[in-house]
**Student:** 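The structure is given below, and queries will be raised subsequently.
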Amino acid sequence: MNVQNYINGKFSPPVNDAWIDNYCPANGKIYGQIPNSSKDDIENAYIAAKSVFPLWSQTTIDERSKILIKISELLDANLQRFAEAESKDNGKPISLAKTVDIPRAASNFRFFGNAITQFASESHESVGHDAINYTLRQPIGIVGCISPWNLPLYLFTWKIAPAIAAGNCVVAKPSEITPVTAYLLGEICTEAGLPKGVLNIVHGLGNTTGQAIIEHPDIKAISFTGGTATGAHIAKVAAPMFKKLSLELGGKNPNIIFADCDYDDMLETTVRSSFANQGQICLCGSRIFVEAAIYEKFKTDFVEKVKKLKIGHPSKEDTNIGALVSKPHLEKVLQYINMAKKENGTILCGGNKVIVTDYEDGYYLEPTVIEVATDECRVNQEEIFGPVVTIMPFNTEDNVLQMANKVKYGLSATLWTNNLKRTMRMSHQLQAGIVWVNTWMLRDLRTPFGGVKASGVGREGGFEALRFFTEAKNVCIKY
Ligand code: NDP
C-alpha cells in the first residue's frame with residue numbers, strides 16, 4: 001500500500017517527490033512506498049495548522065468532544081481493516097492488533113473526547129484581599145507529536161487525541177517503519193468532520209522530517225515516544241527555544257517474583273509480559289528476578305511454556321509470536337544474544353532465527369530466555385526491545401530492590417507477592433513511573449503514565465495529558 005501525507009485535510013505527495021520503500025516484516029518484501037518528506041512539507045503542515053487554530057481553539061467543548069467520539073466509532077467500525085493493516089505493517093499477530101492496538105486507538109479518542117468535558121480549572125478566593133483568582137487552561141497552539149513503531153496507531157493516537165481535544169492543532173509524524181495505520185487515520189478524521197488542518201500527518205525519516213518538527217520555532221510543544229538517545233537529542237534541540245516537552249522513552253523493566261505469589265497466574269502473565277508483541281513493548285518485563293526458593297521450579301515451568309509459543313505468520317489467528325519489525329532490528333537483537341553468550345549467560349531456550357515456510361525472508365526470532373550470571377552484564381542493563389528476557393535468582397527483598405533499581409531506566413516494574421507490607425514497601429521504593437502488583441499492563445487511561453531516570457520526563461494519560469497540552473494562566477481580579 002502506498003502512503004501519502006495528510007495535510008490540510010487532503011492527501012498529497014511530498015513536495016520533493018522523494019519516497020521510501022516500506023517493507024513487510026512477515027516476508028521481508030517491499031509492499032509500498034511512503035513520502036520521504038522534507039522541511040517544506042512540515043512548513044506546509046504548520047501553515048495549515050496555524051490557519052485553522054483560531055477556529056479550532058474556539059470550537060465548543062461539546063463540538064470537539066463529538067468529533068473525537070465520532071473518530072473512535074469509525075475506528076471501531078473499521079477494526080478488521082485497521083488490524084490487518086497494522087499486523088502487516090508491523091509484523092505483530094493479528095489477534096493482538098484486533099484485541100489491543102486498534103481498540104485502544106479507538107479508546108484514546110473516546111477517552112479524551114469525554115475527558116475534555118470534565119477538565120475543570122481551579123479558582124481561589126484571596127480572603128482578606130477582596131480578590132479572586134481563576135486559572136485558564138489555554139491550548140498551546142501548534143504542537144508536534146512523534147511516535148515509534150512498536151504500537152503504531154495506539155501510541156500515535158495517545159498523543160493526538162488529547163492534543164486536539166485540548167484545542168491545539170497538530171503536526172504529527174509516525175515512525176517511517178510503520179506508517180500505514182496513521183495514513184488510514186486521515187480518511188477517518190475527514191469522515192468524522194475534523195476541520196481541515198487540525199491534524200496534519202507527515203511521513204518521513206526521523207532525522208529529516210522529525211528533525212524539521214523539533215526545530216520548528218513555532219511548534220511550541222513536542223510529545224515524543226521513542227528511544228532514550230532520540231529523546232536526549234530532542235531535549236537538546238528544544239531547550240534553546242523553551243519548548244514544552246513530554247518524553248516517553250526506553251525501559252528495562254524488572255519483573256520481581258516472590259515465592260508467596262499466586263504461581264499459575266504469575267506464570268501465565270510472565271509469559272505475556274515477556275513476549276507480547278515479540279517483546280517490543282516498552283513496558284515488557286525484560287529482567288525477571290525470582291526468589292531462590294522457587295527459582296528452579298520457575299525456570300523449568302517458564303521455559304516449557306515459552307517453548308510452546310507458536311511462531312508464525314502474523315496474519316494467522318493462532319500465531320503467538322509474529323515477526324520482528326525490521327531486518328536491522330532483528331540483527332540488533334541477535335547481537336545481544338551473542339553478547340549474552342560472551343558474558344557467560346546461559347541460553348535456556350530460543351536464541352535463533354526462525355524460517356517460516358513460504359515466508360523465508362521474514363524477520364522471525366525464537367523467544368529467548370537467558371540465565372545471567374550477574375545483574376551487571378550488558379544484556380541485563382541495556383534495552384534489547386525484542387523477544388529476549390533474562391532471569392536470575394535473588395535471596396532477600398533488599399537484594400532484589402537494589403538490583404531492580406540499578407539500571408539507568410525507570411519506566412515500569414512488576415511485583416508478584418501476596419504480602420501486603422512487602423507490596424507497600426517495595427512499590428514505594430522501586431524507581432519507576434508505573435508499578436504493577438500481581439498483574440501486568442492493566443491500563444486505566446485516567447492514570448498518569450511515564451517514566452523516571454532515562455525513561456523520560458513528564459506524564460501522559462488522563463488529565464496529565466490535558467495539562468501537558470495546555471498552558472495554565474492565572475487571572476487575579478480585585479473586586
Ligand atoms: P526512535 O527513537 O528511533 O524513534 C521514535 C520516533 O522518533 C520515530 O518516529 C522516529 O522516526 C523519530 N525520530 C528519530 N530521530 C528523530 C529526530 N532527530 N527528530 C525527531 N524525530 C526523530 O525509537 P523507535 O521507533 O526505535 O522505538 C523504540 C523505542 O521507543 C524503544 O526505546 C522503546 O522503549 C521506546 N518506547 C517507549 C515507550 C514509552 O511509553 N516510554 C512506548 C513505546 C516505545 P523514524 O522511525 O522515521 O526514524
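Counting starts at 1 for both ligands and their atoms, following the listed order.
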**Student:** Enumerate the protein residues lying less than 4.0 Å from ligand 1, judged by heavy-atom distances, in chain and residue-number order.
**Tutor:**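 These residues qualify: Ile146, Ser147, Pro148, Trp149, Asn150, Leu155, Lys173, Pro174, Ser175, Glu176, Gly204, Leu205, Gly206, Gly210, Gln211, Ile214, Phe224, Thr225, Gly226, Gly227, Thr230, His233, Glu248, Leu249, Gly250, Gly251, Cys282, Glu383, Phe385, Leu411, Phe449.
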
**Student:** Can a salt bridge be assigned to the pair Lys50 and Asp218 using a cut-off of 4.0 Å between side-chain N and carboxylate O?
**Tutor:**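 No.
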
**Student:** Under 6.0 Å between ring centres, would you say that holds for His329 and Tyr363?
**Tutor:**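 Ring-ring flag for His329/Tyr363: false, centres at least 6.0 Å apart.
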
**Student:** Return yes if some donor-acceptor pair links the side-chain N/O of Arg64 with the main-chain N/O of Ala165 below 3.5 Å, else return no.
**Tutor:**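 Yes: the side chain of Arg64 pairs with the backbone of Ala165.
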
**Student:** Give a yes or no on whether the backbone of Asn405 and the side-chain of Lys453 come within a donor-acceptor separation of less than 3.5 Å.
**Tutor:**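 Checked: pair present.
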
**Student:** Any salt bridge linking Glu187 with Arg81? Criterion: basic side-chain nitrogen under 4.0 Å from a carboxylate oxygen.
**Tutor:**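 A salt bridge is present here (some side-chain N lies under 4.0 Å from a carboxylate O).
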
**Student:** Would the number of heavy atoms belonging to other residues, nucleotides or ligands and lying under 6.0 Å from NZ of Lys39 be above 12?
**Tutor:**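 Open.
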
